[in-house]
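Every number for a ligand or one of its atoms is a count from 1 in the order of the listing. We're numbering straight along the sequence, starting at 1.
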Amino acid sequence: MAELAFFSGTMDCGKSTLALQIQHNRSARGLQGLIFTRNDRAGEGRLSSRLGLVTEAVEADEDFDFHAHLVHYLTAGGRADYVIADEAQFLSPVQVDQLARVVDDLGIDVFAFGITTDFRTRLFPGSQRLIELADRVEVLQVEALCWCGARATHNARTVGGRMVVEGAQVVVGDVGRQGAVGYEVLCRRHHRRRLTAAAARAGTLSPDVLPVDGADIPAPAPANGSGPRGR
Ligand SMILES: Nc1ncnc2c1ncn2[C@@H]1O[C@H](COP(=O)(O)OP(=O)(O)O)[C@@H](O)[C@H]1O
Ligand SMILES: Cc1cn([C@H]2C[C@H](O)[C@@H](COP(=O)(O)O)O2)c(=O)[nH]c1=O
């Protein structure tokens, strides 16, 4: 039976790479898929991974009707064994409903990929609808990491290098960029404190953070273990 699967996670956790791998493995076995995306960083009509792979895709803008497109494509003699929809967080709830109809009425597998929450930790409307409708929701296994080493669960936006929590929900951008707008993945604890890697480094360099008086530093315990413990 056909299914609607939603592969979700933070930015930079390998969603587009997985989309390209699914496409590769299926087409290697003679299956034919249609690939859709919206607002990929590589430009219109492209699905790209940071690993360097890129493929052509149909740009699904806000007026795009997935179900009507598939019906038209099949009626014209096209074949579609599966559908891939990347950057699915940008889809409207109505478009996600259309993807569910593609699964249920046309019997075609749909694999959707997207970030779950925005820079304010709020669900994107498209992701919310996918969580509501999907037959399965998969969190990607290669976890992105916060600068502290914990699993990154949230996406931060920076403007001029500083983390912000206000602004438009959609601003196309990338991690590791220090331009006008950038993104960084963080654990919840550091997202809540607005502590990006740059802000944390600034904190570590602060003269108040480390003890400066050598007399306050306890002597190390002797190797034979007879000294004070439990400090
Ligand atoms: N130079 C590299 N070497 C190995 N892996 C890399 C390299 N650059 C990126 N990656 C991997 O690619 C992942 C990002 O893949 P991508 O599909 O672009 O992410 P997403 O679509 O989730 O934003 C990174 O988390 C990392 O695992
Ligand atoms: C958090 C957040 C992200 N975006 C944008 C930034 C990127 O263009 C995409 C995510 O792409 P990726 O392949 O998953 O890295 O979404 C946004 O518009 N608003 C946000 O809050």
Which residue holds the protein heavy atom closest to [atom], what is that atom called, and what is the gap in Å?
| atom | answer |
| --- | --- |
| atom 16 (O) of ligand 2 | F90 CZ, 3.3 Å |
| atom 10 (C) of ligand 2 | E87 OE1, 3.6 Å |
| atom 17 (C) of ligand 2 | Y183 OH, 3.3 Å |
| atom 27 (O) of ligand 1 | V142 CG1, 4.2 Å |
| atom 21 (O) of ligand 2 | F119 N, 2.8 Å |
| atom 4 (C) of ligand 1 | L51 CD2, 3.8 Å |
| atom 14 (C) of ligand 1 | D12 OD1, 3.2 Å |

Is it true that, when you exclude [X] itself, more than 12 heavy atoms of the residues, nucleotides or ligands shown sit nearer than 6.0 Å to its [atom1]?
| X | atom1 | result |
| --- | --- | --- |
| R151 | CZ | yes |
| E166 | CD | no |
| R46 | CZ | no |
| R189 | CZ | no |

Interatomic spacing from CZ in R120 to CG in N155 - rounded to 0.5 Å:
12.0 Å
K15-ligand 1 polar pair, N/O distance under 3.5 Å
yes
Below 3.5 Å, N or O to N or O, backbone or side chain included: is there any such pair between M11 and ligand 1?
no
Proximal ligand 2 atoms for [X], defined as those under 4.0 Å from one of its heavy atoms:
| X | value |
| --- | --- |
| V170 | 18 (O) |
| V172 | 8 (O) |
| Q89 | 9 (C), 10 (C), 16 (O) |
| R157 | 19 (N), 20 (C), 21 (O) |

Using distance alone, determine whether [X] and ligand 2 share an N or O pair under 3.5 Å.
| X | value |
| --- | --- |
| Q169 | yes |
| V171 | yes |
| N39 | no |
| G173 | yes |
| S16 | no |
| R41 | yes |
| K15 | yes |

Side-chain contact, heavy-atom cut-off 4.5 Å: [X] with [Y]?
| X | Y | value |
| --- | --- | --- |
| Q98 | F64 | no |
| R41 | V172 | yes |
| L74 | I108 | yes |
| D81 | R26 | no |
| S27 | Y82 | yes |

Output yes when a protein non-hydrogen atom is found under 4.0 Å of atom 1 (N) of ligand 1, and no otherwise.
no
Would atom 6 (C) of ligand 1 count as contacted, meaning some protein heavy atom under 4.0 Å?
yes
Stepwise, does the ring pair (Phe, Tyr, Trp, His ring centres under 6.0 Å) test hold for F113 with F111?
CA-CA 7 Å; F113 302 81; F111 306 111; 7.2 Å; no
Between E87 and N39, does any side-chain donor sit less than 3.5 Å from a side-chain acceptor?
no
Residue [X] vicinity, atoms of ligand 1 by number, heavy atom under 4.0 Å:
| X | value |
| --- | --- |
| T17 | 15 (O), 16 (P), 17 (O) |
| R50 | 16 (P), 18 (O), 19 (O), 20 (P), 23 (O) |
| C13 | 19 (O), 20 (P), 22 (O) |

When S16 is tested against each of D40, T37, T55, D86 for side chain to side chain donor-acceptor pair (under 3.5 Å), which residue passes?
D86
Closest to atom 1 (C) of ligand 2 by heavy-atom distance, out of D12, N155, T121, is N155
For ligand 2, the portion of R50 having any non-hydrogen atom under 4.0 Å away:
side chain
Report the part of F124 in contact with ligand 2, treating N, CA, C, O as backbone and CB onward as side chain, heavy atoms under 4.0 Å; options are side chain, backbone, both, neither.
side chain
Salt bridge or not between D105 and R101? Use side-chain N to carboxylate O under 4.0 Å.
yes
Heavy-atom closest pair, residues K15 and I115
NZ-CG2, 3.6 Å
Side chain to side chain contact (heavy atoms under 4.5 Å, CB included) assessment of L130 paired with V137:
CA-CA 8 Å; L130 276 160; V137 177; over 6 Å; no
